[in-house]
Structures are given as structure tokens and as C-alpha cells.
2 protein chains.
Amino acid sequence: MQQRDTRQRAAIKRAFAQAQRPLGPKEVLDLAGAEVPKLGIATVYRNIKSLLEQDELQAVEVPGGQTRYQIPRAERTHLFICQKTDRVYVIQPKLDELQLNLPDGYQLQEAQLICYGLGPEA
Amino acid sequence: MQQRDTRQRAAIKRAFAQAQRPLGPKEVLDLAGAEVPKLGIATVYRNIKSLLEQDELQAVEVPGGQTRYQIPRAERTHLFICQKTDRVYVIQPKLDELQLNLPDGYQLQEAQLICYGLGPEA
DNA sequence: TTAACTGCAAACCCTTTGCACGGTG
DNA sequence: CACCGTGCAAAGGGTTTGCAGTTAA
């Protein structure tokens, strides 16, 4: 599945490369759309999908919000969600000696911390 | 805004009272629908909404999934999500000495832990 | 009786898909 | 020139709303 190098795809990749945080489809449309005027939301979704399949992007799921996407990170992504702007940021808490107290019958695979408050762009 | 005591509303409240975990609208429809055969999904949504407004229910937002609802809890709700059944459970980890390492410019309001693995009903 | 509630279907929002046109290689 | 990718519009899934009929009080 070869990929063609279109203006749209380039602008979308640039948006992710320049953003310092995970982006939702609409945010991508706004950022990339500034460079490619008639960019359609369907194109954004299709490019995100193909970038995901090629591991050039990674999904970042958010409680009660649309899925965001980012350039892949090795470690699990812990989040800080701005309650004012709704923007999502990645943080790196120390979860090492976390006491989970899971009841019997629960088998842990992984844990993620989600923080809420005001972010740097609030 | 007085509330009438309908079979539908009673069955929906019963579903939440009996469930040991947060429920999504479809789960409520299945549980309450067993008692009230022609129960419609719109009725479930409307009752959830009015129960939320009366603080008889609380929303539980989940990453990349539909919002679940539960009878309100005083403490912040930390979650365990079963990767097999998609069911959501409430857990009570010790987050006391958690080191957040938030960068400057971030103002923390609250933190929530979300665990993934296999739950008791998997 | 009568106003609130329900069920059905249509409306909405976000995401995906179909199709004809346009642009890359 | 052959196709893939794009834009537009329609189709899908989950949630909300409009409306006429039903039911609690």
C-alpha cells in the first residue's frame, strides 16, 4: 500500500509534528486547513487512519471526549486534561510504587493516570 | 418539575441499584427492558438525564467508550475496565503518595486512575 | 381530567463510506 | 496515463428531540 505525497497529507503530518499535544480531528482540520484551504474533514479522518496503520500516529483515548492522536510514544501516555480549553497534554507521573488494592478476580494489564485542572494554555 | 413514578423509571432505577458497576445506556436498556418489555432507548436516556439532574445518578466517563452512569459516590471514581467484556468497575487504589511531576503552568484539580485488564466477569 | 411520560421516528453530531473528479508518480 | 487521494454528500452509530398516544396522580 504505497502512499502518495499530497499537500493535504503533508499538512496533516506537519500539524502533529508541530503540536505539543495530542490532537482531535477537528483540531487537525483547523491547523492543517489553514495551509490547505479546502481541506475536508473526511480527508483528515482518512489520513489519520492510514497514519495509524503505518504506526506514524497513535490513538489517545480520553474520558468523555473525542479520541485524540499523536506521534507515537514508547511509554504509556498519561494525560492532563484542561477543564477550560479541553486540550489534552501528556504528562509523566511516577507510578512505580502505586498501591492498587485490586479485589480478587481482577487481572491487571496496565494503568493510566488522568489529571484534570488548568493547562498551560488556559 | 415533579416526577411521576412510572414502571419504566422504577425499572431503570432498580437496574442501577442492583448493578455492582457503572452502566451504559444499552446495558440499562437490557436490564430494565427485561422487566418492561417495550422499553425504548429514548426513555432510558431521558430518565438517566433527569436522574442526573436530581443527583440520583452520576456520570462515569470512560476513555474511548460510552459514558456510564452510577449511583453517586462521595470519593472520586477510579476505574478498572475489562478488556474482554468492556464492563467498567470501580476500584479504590491508594493514590496518597503519588508523585505527579507536573510541569510549571499546570494547575491540578484532581486525578483519576484507570486500569485495564480482565475483570471478575471475564 | 390533564399534564407528564412513553414509544416511535426523525433530527443531530461525529465518523465512515461511495462516487466522480483531480493530481501524483 | 493509471490510479490513488480528495471533496462532497450520503450512510452509519450513538444521543436527543418532536409528536401523538398513554398513564400517573
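Throughout, a chain's letter reflects where its sequence line sits, starting with A, and its residues are numbered from 1.
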Practice task
With heavy atoms under 4.0 Å as the rule, sort B/L39 into base, sugar-phosphate or nothing.
Solution key: sugar-phosphate
Exercise for the section: Quick one: label A/K49 by what it contacts on the DNA or RNA (base, sugar-phosphate, nothing), any heavy atom closer than 4.0 Å. Expected result: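 Touches sugar-phosphate only.
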With the threshold set at 4.0 Å, does a side-chain nitrogen-carboxylate oxygen contact exist between [X] and [Y]?
X	Y	value
B/D86	B/R68	yes
A/E35	A/R7	no
A/D30	A/K26	yes

Taking atom [atom2] of [N] as reference, at what distance in whole Å does atom [atom1] of [X] sit?
X	N	atom1	atom2	result
B/I48	D/dT17	CD1	C1'	16 Å
B/Q8	C/dA4	CD	P	17 Å
B/E53	D/dT16	CD	C1'	13 Å
B/L23	D/dG14	CG	P	17 Å
A/R68	C/dC14	CZ	P	12 Å
A/I41	D/dT6	CD1	P	13 Å
A/L29	D/dC8	CG	C1'	14 Å
B/I12	C/dG7	CD1	C1'	13 Å

[options]: which one has an atom nearest the side-chain heavy atoms of [X]?
X	options	value
B/Q66	D/dT23, D/dG14, D/dC8	D/dG14
B/Q3	C/dT6, D/dC3, C/dC5	C/dC5
B/R4	C/dC8, D/dA25, D/dC8	D/dA25
B/R46	C/dT6, C/dG23, C/dT17	C/dT6
B/D5	D/dG7, D/dA25, D/dC4	D/dA25
B/T6	C/dC8, C/dT24, D/dA24	D/dA24
A/R9	D/dT6, C/dG7, D/dA9	D/dT6

Fill in the blank from the handout: Assign each of B/R7 and B/T67 the nucleotide of DNA chain D bearing its closest heavy atom; nearer the 5' end lies the nucleotide of B/T67
Handout entry: Same apolar cluster: A/L79 and A/Y116, side chain cutoff 4.5 Å
Key = yes
Handout entry: Residues B/T77 and B/Q70: side-chain donor-acceptor under 3.5 angstrom
Key = yes
